[in-house]
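Accompanying notes for the structure given below.
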Amino acid sequence: MADLFPAGDPGDPDQCLAARLAAATAEGRPLRIKLGIDPTGSDIHLGHSILFRKLRAFQDAGHTAVLIIGDFTARIGDPTGKSATRVQISKEQVEANATTYLKQLGQGQPKEQALLDFETSGRLEVRRNSEWLEGLDLPQVIGLLGTATVGQMLAKDDFSKRYGSGTPIALHEFLYPLLQGYDSVAVDADVELGGTDQKFNVAMGRDLQRHFGQRTQFGMLLPILVGLDGVQKMSKSLGNTVGLEDDPLSMYSKLEKVGDGAINDYVTLLTDLDLETLPENPREKQKAMALAVTASRHGQEAAAKAQADAATLVGGAGDAAADVPEASLAAVNFPAKAFYLLSAVGICASSSEARRQIKGGAARLEGEKISDPNQEFASAAELEGKVLQLGKKTFRRLVG
RNA sequence: GGGUCGGUGCCCGAGUGGUUAAUGGGGGCGGACUGUAAAUCCGCUGGCUCUGCCUACGUUGGUUCAAAUCCAACCCGGCCCA
C-alpha cells in the first residue's frame with residue numbers, strides 16, 4: 001500500500017487505517033472514501049487512474065466511494081503545482097467536463113469494464129461540491145477563512161514559490177484549500193484519496209473536520225505518475241499524458257516509449273504485473289507494460305492488435321493493413337499542392353508548418369517521401385485510400 | 001492613494017528609431033543515431049493553396065520618411081510607502 005498520511009502517533013487510533021477498518025466493521029457500516037476531482041479538462045488520463053484504481057479497490061472491498069465532482073472549486077482552480085494564476089472557467093464548461101468524466105469512468109457500463117463500480121448499490125455516491133459550497137453565506141465563508149492563517153498558506157510550497165518570485169497570487173486562491181477541505185466535512189469522509197501533491201489540501205480537510213467536531217479523515221496519498229517525458233508529473237497542460245480515451249494504437253505506442261527510468265513506476269502503479277517476472281531487457285519490459293495497460297482499457301485482443309500495428313508502422317512499412325486513423329478529403333479543394341493538402345487534411349496545424357515539415361523531409365505518401373511542397377495533386381481520386389505520413393508516428397489514411 | 005520598475009513570439013528573456021518576423025535559452029516538431037526513448041549531432045519553430053501578400057512586441061491614439069524602440073492616455077502586474 002502506498003504512502004500513508006499522516007504517520008502520526010501510532011498509538012492514536014484515529015490515525016491508523018487498520019483501526020478505521022476495524023471500527024467500520026464493528027459499527028457494521030462501510031467506510032466513506034472521498035476522492036475529489038475538478039473537471040477542469042475534458043479528459044481523464046492514466047495519472048488520474050491510479051487514484052481511481054485505488055478507489056475501485058475500496059469499492060470492491062465493500063466500502064462507499066464518494067466521488068466529488070469539484071464543479072464549484074473548478075471555477076477557482078486548484079493552485080497546487082501551478083506557477084501562475086489559473087484561468088477561471090465557466091459553469092457551462094465545467095458541467096460539460098463533468099459529464100465526460102463520468103462517462104470515462106464508466107457510468108452506464110457494466111462494472112467489469114468500467115473503472116469504477118457504478119452498478120452495485122451503496123458503493124458509489126457522486127456529489128457535486130456546488131451542492132454545499134454555493135449556498136455558503138459570507139459569515140460562513142469568513143468562518144472558514146478564520147481556520148487558517150496567512151503563514152500556513154504561504155508555507156505551502158506552491159504559494160511560497162510564487163510569492164518569492166513575485167508572481168501574483170489572487171486572494172481567492174487561498175480559498176481553494178479551504179473549500180475542498182470543507183468537502184470532507186460535507187460528505188463526512190473517513191478516508192480521502194489524493195496524490196502526494198494533495199497533502200496540504202487533505203490535511204486542511206482534517207483541520208476543518210476537527211473544527212466542525214467531526215472525526216478526522218484518514219489521508220491516503222498515492223504516488224504521482226510521471227508523464228511520458230519521464231520527468232514531470234503527468235498533466236494535461238504539460239502535454240505528457242496518455243488519455244483513457246486514447247485509441248488502442250496511440251495508447252500503446254505512447255506507452256512503449258516510456259523512459260527507462262519511469263518504466264517500473266508504470267508497471268507497479270498501472271498494472272497488476274509482477275516486476276519480478278518481467279523480462280530484464282528494458283525494451284521488452286516496455287512492451288509488456290504497454291500491452292498490459294492497453295489491455296486493461298481496451299481488452300486483450302485490441303491491445304495485441306495495437307502492438308502488432310505499432311511494430312509494423314514504426315518498423316517503416318508505413319502502409320501496412322494497420323489500423324490507421326482516417327482523414328477526410330472532403331474539405332480539400334483540388335487541385336491541391338502538397339503543403340496545402342497536409343494542412344487541409346489536419347495532419348499539420350497550418351499550411352506554413354506543412355511547408356516546413358515537407359522541406360524537413362518529414363512527409364511521406366505511401367512511404368514515398370514528398371520533397372516538393374508545391375507538388376500538385378489533381379483530384380481526390382488519385383489520393384483515396386493512400387496513407388499520408390508525417391514523421392515516424394503520425395499516419396492518416398485518406399478517404400473521400 | 002503616492003513612489004518606482006515593468007508588460008516582447010508556446011514559456012523565459014534580449015533588444016531601446018531604420019535593411020530582417022525580431023539575439024539567446026527552454027519547450028515543441030522534424031532528420032540522423034539507438035532497443036523505442038533518453039543522451040548527442042543537425043534543421044525548423046507567425047499566418048496565407050506562397051516565388052508574393054498579410055498580421056505581430058499590453059490597449060488606443062500621436063510624433064516621424066521610418067517605431068517593439070519616442071510622446072500621451074488607458075488597462076494589467078511586481079516592489080516600497082501609506
Side-chain angles (χ1 to χ4, degrees), chain A residues 81-88 159 161-171 173 226-232 235-242 249-267 278-291 293-294 306-318 329 331-364 369-380 383 388-395:
Chain A
K82 296 294 162 203
S83 51
T85 310
R86 191 179 251 183
V87 189
Q88 296 189 42
F159 286 138
K161 275 189 190 142
R162 282 167 60 184
Y163 192 65
S165 69
T167 311
I169 300 171
L171 284 177
E173 295 183 76
V226 292
L228 292 171
D229 56 17
V231 182
Q232 293 182 280
S235 153
K236 181 106 181 176
S237 53
L238 296 172
N240 59 3
T241 62
V242 179
L249 180 58
S250 58
M251 183 180 263
Y252 178 87
S253 46
K254 283 181 193 172
L255 287 169
E256 69 162 353
K257 287 178 200 143
V258 164
D260 291 355
I263 179 75
N264 286 355
D265 281 351
Y266 274 65
V267 171
L278 288 180
E280 268 305 302
N281 181 308
R283 186 74 187 119
E284 293 307 312
K285 203 192 267 189
Q286 285 173 323
K287 285 183 178 171
M289 182 277 291
L291 186 66
V293 175
T294 308
Q307 184 170 52
D309 289 349
T312 324
L313 287 175
V314 179
L329 289 166
V332 183
N333 297 318
F334 287 91
K337 291 185 176 170
F339 74 92
Y340 161 70
L341 179 72
L342 288 244
S343 107
V345 130
I347 202 167
C348 284
S350 71
S351 64
S352 300
E353 186 194 316
R355 187 175 277 275
R356 283 183 231 116
Q357 293 286 21
I358 293 169
K359 283 185 188 156
R364 290 168 185 274
K369 183 174 286 185
I370 303 177
S371 49
D372 178 10
N374 292 319
Q375 181 180 340
E376 245 184 39
F377 300 95
S379 69
L383 290 171
L388 194 59
Q389 175 182 358
L390 184 75
K392 289 174 198 158
K393 292 171 270 191
T394 315
F395 301 85

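Throughout, protein chains are lettered first and strands after them, A, B, ... in sequence-line order, and every chain is numbered starting at 1.
The distance between atom CD of A/Q389 and atom P of B/rG30, rounded to the nearest whole Å, is 11 Å. Atom CD1 of A/I263 and atom P of B/rA37 are 15 Å apart (whole Å). Going from atom NZ of A/K359 over to atom C1' of B/rU51 covers 10 Å, rounded to whole Å. Taking atom CG on A/L390 and atom C1' on B/rG31, their separation rounds to 12 Å, with Å as the unit. Between the CG atom of A/N240 and the P atom of B/rC11 there is a distance of 18 Å, given to the nearest Å. Remark: C1' of B/rC50 and CG of A/D372 are 12 Å apart, rounded to the nearest angstrom. In this entry the distance linking CZ of A/R364 with C1' of B/rG30 reads 12 Å, nearest Å. Put simply, NZ on A/K392 is 8 Å from C1' on B/rA32, counting in whole angstrom units.
The closest donor-acceptor contact from the side chain of A/Q286 to the backbone of A/I263 lies at 3.5 Å or more, if one exists at all. Side chain of A/R355 to main chain of A/S350: no donor-acceptor pair is present (N/O by atom type, distance under 3.5 Å, no hydrogens or angles). A donor-acceptor pair is defined here as one N or O able to donate and one able to accept, closer than 3.5 Å; such a pair exists between the side chain of A/Y340 and the backbone of A/N333. A donor-acceptor pair under 3.5 Å links the side-chain atoms of A/Q389 to the main chain of A/G391, judged by distance alone.
For A/A380 against A/L329, the heavy-atom pair with the smallest separation is O-CD1, 3.9 Å. A/A363 and A/I358 get closest at one heavy-atom pair: CB-CG1, 4.0 Å. When all heavy atoms of A/E284 and A/P279 are compared, the closest pair comes out as CB-CG, 3.6 Å. Annotation for A/C348 and A/L390: closest pair SG-CD2, 4.0 Å, computed over non-hydrogen atoms.
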Worksheet entry | Summary of protein contacts for nucleotides 40-49 of chain B, nucleotide by nucleotide, where a base hit scores B, a sugar-phosphate-only hit scores S (4.0 Å, heavy atoms) | ----SS-BBB
Discussion item. Counting primed atoms plus P, OP1 and OP2 as sugar-phosphate and everything else as base, spell out the protein contacts along nucleotides 76-82 of chain B at 4.0 Å heavy-atom distance: B, S or - for each nucleotide, 5' to 3'.
Written reply: -SS----
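Comparing B/rG30 with B/rC12, their C1' atoms sit 24 Å apart, to the nearest whole Å. A gap of 33 Å separates the P atoms of B/rC11 and B/rU63, to the nearest Å. Taking the P atoms as reference points, B/rG1 lies 11 Å from B/rC74, given to the whole Å. Taking atom C1' in both B/rG62 and B/rU69, one finds a spacing of 15 Å when rounded to whole Å. B/rA68 and B/rA21 are spaced 12 Å apart, taking the P atom of each and rounding to whole Å. Taking the C1' atom of each, B/rG25 and B/rU45 are spaced 14 Å apart, rounded to whole Å. Atom name P, nucleotides B/rA67 and B/rU59: the rounded distance is 16 Å, in whole Å.
Counting non-hydrogen atoms under 4.0 angstrom, A/N374 reaches nothing in the nucleic acid.
Stem regions for RNA chain B, each three or more consecutive Watson-Crick or G-U pairs with both distances under 3.5 Å and listed by first number, read B:1-7 with B:75-81, B:10-12 with B:24-26, B:27-32 with B:40-45, B:46-48 with B:52-54, B:58-62 with B:70-74.
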Item to complete: Evaluate the criterion side chain to side chain contact (heavy atoms under 4.5 Å, CB included) for residue pair A/L228 and A/Y266; output intermediate values, then yes/no.
Response: CA-CA 10 Å; A/L228 292 171; A/Y266 274 65; 4.3 Å; yes
Discussion item. Side chain to side chain contact (heavy atoms under 4.5 Å, CB included), that's the test. Do A/L255 and A/M289 meet it? Break it down for me.
Written reply: CA-CA 8 Å; A/L255 287 169; A/M289 182 277 291; 4.3 Å; yes
Item to complete: Starting from the C-alpha separation in whole Å, work towards a yes-or-no answer on side chain to side chain contact (heavy atoms under 4.5 Å, CB included) for A/F334 and A/L383.
Response: CA-CA 11 Å; A/F334 287 91; A/L383 290 171; 3.8 Å; yes
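Judged by closest nucleotide on RNA chain B, A/K369 is the one of A/K369 and A/R283 placed further toward the 5' end.
Summarising the geometry, atom NZ belonging to A/K254 is positioned 11.0 Å from atom OG1 belonging to A/T294; distances are rounded to the nearest 0.5 Å.
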